[in-house]
There are 2 protein chains.
Amino acid sequence: MAVTLKDIAVECGVSYSTVSKALKDSPLVTEATKRKIKEKADKMNYIPNNSARSLVSNKSHTIGLIWPAVDRVAITTLATHVNEALKQAGYFMVVSIDNPVRAASKFLELRFDGVIVFDEGESTTLPEKITNNIPVIAYGVARELPYPIINVHHNWAMKQAVDLLIEKGHQNIDYIGELHTNDIRQIVKQETIEKYCEEKQVNYRLIDSGGLTEMAAKQAVKRFLKTETLHDGVICGSYDIAMGVLHHVDELDLQKTIVAYDNIKQFNSIETPIYSVGVPAEEIASSLVKHLTRSIETGSENNPEVIDLYPSLQFHEKK
Amino acid sequence: MAVTLKDIAVECGVSYSTVSKALKDSPLVTEATKRKIKEKADKMNYIPNNSARSLVSNKSHTIGLIWPAVDRVAITTLATHVNEALKQAGYFMVVSIDNPVRAASKFLELRFDGVIVFDEGESTTLPEKITNNIPVIAYGVARELPYPIINVHHNWAMKQAVDLLIEKGHQNIDYIGELHTNDIRQIVKQETIEKYCEEKQVNYRLIDSGGLTEMAAKQAVKRFLKTETLHDGVICGSYDIAMGVLHHVDELDLQKTIVAYDNIKQFNSIETPIYSVGVPAEEIASSLVKHLTRSIETGSENNPEVIDLYPSLQFHEKK
DNA sequence: TTGTACGCGTTATCAT
DNA sequence: ATGATAACGCGTACAA
């Protein structure tokens, strides 16, 4: 049986409310008794009971992250940054790889203070039944939602990519990304390419990566190359897809310009010169945390706000 | 403010203890009132308070998974299987990507029912201070630990791999894996290769993959190939490393025999014929869950038991 | 400065 | 069949 405040109180010959105060450094307790109590608590290996605390304070200092698809390097990096940012802000982050609605329901039952969703569209939408009861923030692309979402402007990013390729003199562009999907982020990228290339009057082809992982992209490009050849202006839908594409691109082919979506440090260790465009993972993380904690601390309702973050273009030279 | 049992009681004109019973289908309540209460509860969007439950029952029906390095495909697959198995067993799984000791401490404070650790050696070792207070099970390779560990016999697996290569007539073997690391799993693989190849009197080389990710392996092999060439018997330390190595292997090179550690379904979609050797992820998952839940339900102390799981060899033909 | 007492939402035991 | 009540561990307003 775990050690409780009472146990410590008995040991120290004080009442348990004094112990409670002492352990949270209340000014209402003498330094001397405080020290004694803390020492004892430590010696007895006291572990505060969050359930009890949460019952009285209505706070768990814990945030749940809903992240159904634990793969893809890019998003892993983001999760790590979010974890750090939350720690800084005094929260513990916990992730569920379960189905989003089940995950959120459990988070509610556990009385977590807030939830973050890596939004992918329909499949990750949380019902109001849930979101009326806990601060929520999503990360993804702007869409009709009863809770705030960090919008990373995939369309803006894709336009920058196209502009860059045009500037480099490429009139033929290949976009490699996931085409047949419900993931709204992927859809936006694809549609932007279509519209913007037409607007700018450059030729483009859409090549289906058949998924978001490196392996899927690698195989898709391989199939493609059996009958066709890649143009010199290439846009990849994500870091992982770029990795898959690069298997088939000669590093010494300096004709080609490759631009990939995402903005993570891993691009720096690629051996082929490459451009990337996206919002830095740190920035996304700190924005998520800032908005969520504000909403928690003010106790305000979730509102359908869209928080815009703008991508930036970077060049990664050959290492 | 969240709906409580009391609120429902008032609405239904019964006492809240009746509501409590009704909602857990106690036989002590009439079907009629039960139905009425359940209906109301649903309508009022009642969400049970796990903190309160946990306080009285000492159970949270939640398990924490400690998984500091969310990358690598192979282990992601395992996590997914563990999540499923725990769900079947009536538990909710939650993962922390934080530093293992902090994660475990928080799990304790949250009064989770048990913790699973993806063990990597020193860096993921939990102190007794913690493990004396909660059922723990690790996944990794046998080592001195105050709590049970599922041992997947990397050495057995590597021996099978070497035997296979010898049988296929290869007297020169290349092992590609992470060589300079504290990760005990990698160390065991490496050392087994060394000893067993010497015992069997076959030539071998150790090639450092410089990490456990596909990208690291890919670059390492590329460097290697600048001055040397790969032997026809190749052993890869993991699925991800194999993926990195395959970038440099011609699919049509039927001279080569490639064996990779791990046993996950992803091997089936590789386009190069490949062998794999390892314990199936499902089996690891169900073993982890079985032992942990037994330990939770019997309330027994953590003991330093080693649970052995044996790898099996599989061939994946060209798709 | 320290102690007492109440309440948080729930379960479980005991009366009714 | 239903209701009243104690207890779980803790925070805090109030009393001493």
Enquirer: Which whole-number value in Å describes the distance from Tyr16(A) OH to dG3(C) P?
Expert: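 After rounding, the gap between these two atoms is 12 Å.
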Enquirer: Between dG9(C) and Thr4(B), is there an OP1 or OP2 to side-chain N/O distance shorter than 4.0 Å?
Expert: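 No, outside the criterion.
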Enquirer: Determine yes or no for a side-chain-to-main-chain donor-acceptor pair under 3.5 angstrom, with Asp119(B) supplying the side chain and Gly140(B) the backbone.
Expert: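 No; judged by distance alone, with no hydrogens or angles, the pair does not exist.
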Enquirer: Give the rounded distance in Å between these two atoms: NZ of Lys6(A) and P of dT4(C).
Expert: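 Interatomic distance, NZ of Lys6(A) to P of dT4(C): 12 Å.
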Enquirer: Tell me if a side-chain donor or acceptor on Ser51(A) pairs with a main-chain N or O of Ser54(B) at a distance below 3.5 Å.
Expert: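 Answer holds: no.
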Enquirer: May I ask you to evaluate whether Arg53(B) reaches the phosphate of dT11(C), defined as a side-chain N or O under 4.0 Å from OP1 or OP2?
Expert: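 Looking at the OP1 and OP2 atoms of dT11(C), one of them is under 4.0 Å from a side-chain N or O of Arg53(B).
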Enquirer: Check DNA chain D against residues 29-44 of chain B and give the residues with a non-hydrogen atom under 4.0 Å, in numerical order.
Expert: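 Close to the strand are Val29(B), Thr30(B), Thr33(B).
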Enquirer: Judged by atom type as modelled, is there a donor-acceptor pair below 3.5 Å linking the side chain of Ser26(B) to the main-chain atoms of Ala22(B)?
Expert: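 Flag not set: sc Ser26(B) to bb Ala22(B) has no pair under 3.5 Å.
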Enquirer: Measure the acute angle between the ring planes of Tyr310(B) and His153(B), then classify it against the limits of 30° and 60° as parallel, tilted or perpendicular.
Expert: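 Because their plane-to-plane angle is under 30°, the rings of Tyr310(B) and His153(B) count as parallel.
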Enquirer: In whole Å, what is the span from the CG atom of Leu23(B) to the C1' atom of dA12(C)?
Expert: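 It works out to 15 Å between those atoms.
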Enquirer: Output the single nucleotide from dG9(C), dT11(C), dC10(D) whose closest atom is nearest the side chain of Lys24(B).
Expert: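 Among the listed nucleotides, the one closest to the side chain of Lys24(B) is dT11(C).
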Enquirer: Check this for me: Asn182(A), atom CG, are more than 12 non-hydrogen atoms of other residues, nucleotides or ligands nearer than 6.0 Å?
Expert: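 Count not over threshold, so no.
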Enquirer: To the nearest angstrom, how far is Asp25(A) atom CG from dG11(D) atom P?
Expert: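 In whole Å, dG11(D) P lies 13 Å from Asp25(A) CG.
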Enquirer: Kindly give the atom pairs (protein nitrogen or oxygen, nucleotide nitrogen or oxygen) under 3.5 Å for nucleotides 13-16 of chain D.
Expert:
none

Enquirer: Look at the side-chain N and O atoms of Ser20(B) and state whether any lies under 4.0 Å from the OP1 or OP2 oxygen of dT10(C).
Expert: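 Checking Ser20(B) against dT10(C): no side-chain N or O falls below 4.0 Å of OP1 or OP2.
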Enquirer: Find the distance Asp7(A):CG to dG9(D):P and express it as a whole number of Å.
Expert: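 So the CG-P distance, Asp7(A) to dG9(D), works out to 8 Å.
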Enquirer: Any side-chain to backbone donor/acceptor pair from Tyr147(B) onto Leu126(B)? Under 3.5 Å, distance only.
Expert: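 Yes.
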Enquirer: Would you say dT10(C) has OP1 or OP2 under 4.0 Å from some side-chain N or O of Tyr46(B)?
Expert: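 Yes, such a contact exists.
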Enquirer: Rounded to whole angstroms, how far apart are CG on Asn133(B) and P on dG9(D)?
Expert: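 Whole-Å distance recorded here is 14 Å.
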Enquirer: Does a side-chain N or O from Thr18(A) land closer than 4.0 Å to OP1 or OP2 of dT2(C), or not?
Expert: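 Checking Thr18(A) against dT2(C): no side-chain N or O falls below 4.0 Å of OP1 or OP2.
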Enquirer: Taking CD1 from Ile8(B) and C1' from dT10(C), how many angstroms apart are they, rounded to a whole number?
Expert: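 My rounded result for the distance is 12 Å.
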Enquirer: Look up atom CG in Asn50(B) and atom CG in Asn50(A), then write down how far apart they are to the nearest 0.5 Å.
Expert: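 The CG atom of Asn50(B) sits 12.0 Å away from the CG atom of Asn50(A).
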Enquirer: Please indicate whether Glu305(B) has more than 12 foreign heavy atoms, meaning atoms of other residues, nucleotides or ligands, lying under 6.0 Å from its CD.
Expert: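 Check passes, neighbour count above 12.
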Enquirer: Measure across Leu309(A) and Ile284(A) and return the closest heavy-atom pair with its distance rounded to 0.1 Å.
Expert: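 Shortest heavy-atom contact: CD2-CA, 3.9 Å.
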Enquirer: Starting the side chain at C-beta, find the nucleotide from dC8(D), dG11(D), dT10(C) nearest to Leu5(A).
Expert: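 Of dC8(D), dG11(D), dT10(C), dG11(D) is nearest to the side chain of Leu5(A).
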Enquirer: Salt bridge or not between Lys106(B) and Asp98(B)? Use side-chain N to carboxylate O under 4.0 Å.
Expert: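 No, no charged N to carboxylate O under 4.0 Å.
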Enquirer: With the side chain of Leu55(A) defined as its heavy atoms from C-beta on, choose the nearest nucleotide among dC10(D), dG9(C), dT5(D).
Expert: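 Given the options dC10(D), dG9(C), dT5(D), the side chain of Leu55(A) is closest to dG9(C).
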Enquirer: Measure the distance from CG on Asn50(A) to P on dC10(D) and round it to the nearest whole Å.
Expert: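 Taking atom P of dC10(D) as the reference, CG of Asn50(A) is at 10 Å.
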